[in-house]
Engineer: 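Here's a structure for you.
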Amino acid sequence: MGLPWYLKPDLFLHKELLDTQESLFRSSIDAEAGIRKQARRIAELEGRVAELEGQLFALEKLLSEQGILPPLPEAPAPETAAPEIPPIGVPVTFPARTDSTVACPRCGKCQLGNRDFCCACETPFLYENE
């Protein structure tokens, strides 16, 4: 005695599903290859832009030395150092608890200034007036 008709496997449907799965797999491989090719092309173009910018700067310098262009501005002073990001687990000190919003110095997440730790990175908060 065989299986009833509603329990028999539909071989055509199974074959169709396998074909669909295979075509999706091939298209994902093709997409990944396209992304890698794009990334290589972007890197090449970024290198070329840097090279052309260097050539342009050298040309501007030469032309300014010859008096054809106005003198180049002095190199800008180095910017002030960015505040150091505290390592994980090191407490951060605030002047006082507040009900206004503050940003965590470690992760930048905005939250109320009355918490004991950051809600995103769990950096401990200390307060000077406590």
Engineer: How far apart are the closest heavy atoms of Val92 and Thr123, and which atoms are they?
Structural biologist: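 Closest heavy-atom pair between Val92 and Thr123: CG2-CG2, 3.4 Å.
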Engineer: Run the numbers on Arg41 and Lys37 for side-chain contact (heavy atoms from CB on, under 4.5 Å), then give the verdict.
Structural biologist: CA-CA 6 Å; Arg41 182 69 178 140; Lys37 184 177 178 182; 5.8 Å; no
Engineer: In the structure I gave you, are the side-chain heavy atoms of Cys121 and Lys109 within less than 4.5 Å of one another anywhere?
Structural biologist: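 Answer no - side chains too far apart.
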Engineer: Can you see which heavy atom on Arg97 is nearest to which on Asn129, and at what distance?
Structural biologist: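 In terms of heavy atoms, the two residues are closest at N-OD1, 4.4 Å.
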Engineer: Would one find more than 12 heavy atoms of other residues, nucleotides or ligands at under 6.0 Å from atom CD of Gln21?
Structural biologist: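 Incorrect, the count does not exceed 12.
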Engineer: For residues Thr93 and Glu128, report the shortest heavy-atom separation together with the two atoms involved.
Structural biologist: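 For Thr93 versus Glu128, the nearest heavy atoms are CG2-CG, 3.5 Å.
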Engineer: Got a salt bridge between Arg26 and Glu22, using NZ or NE/NH1/NH2 to carboxylate O under 4.0 Å?
Structural biologist: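 Result for this pair is yes, salt bridge flagged.
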Engineer: What are the two closest heavy atoms between Ser64 and Pro70, and how far apart are they?
Structural biologist: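 So the two residues come closest at CB-O, 3.5 Å.
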Engineer: Is atom CZ of Phe57 surrounded by more than 12 heavy atoms (other residues, nucleotides or ligands) closer than 6.0 Å?
Structural biologist: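 Open: at most 12 neighbouring heavy atoms sit under 6.0 Å from CZ of Phe57.
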Engineer: Heavy atoms only: give me the nearest Ala103-Gly108 pair and the separation to one decimal.
Structural biologist: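 Closest approach of Ala103 to Gly108, heavy atoms only: CB-O, 4.1 Å.
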Engineer: Tell me if the CD atom of Glu65 is crowded by more than 12 foreign heavy atoms within 6.0 Å.
Structural biologist: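 Counting neighbours around CD of Glu65, more than 12 heavy atoms of other residues, nucleotides or ligands fall under 6.0 Å, so yes.
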Engineer: Just wondering, do Pro105 and Phe94 contact through their side chains at under 4.5 Å, heavy atoms?
Structural biologist: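 Counting from C-beta outward, Phe94 and Pro105 do come under 4.5 Å.
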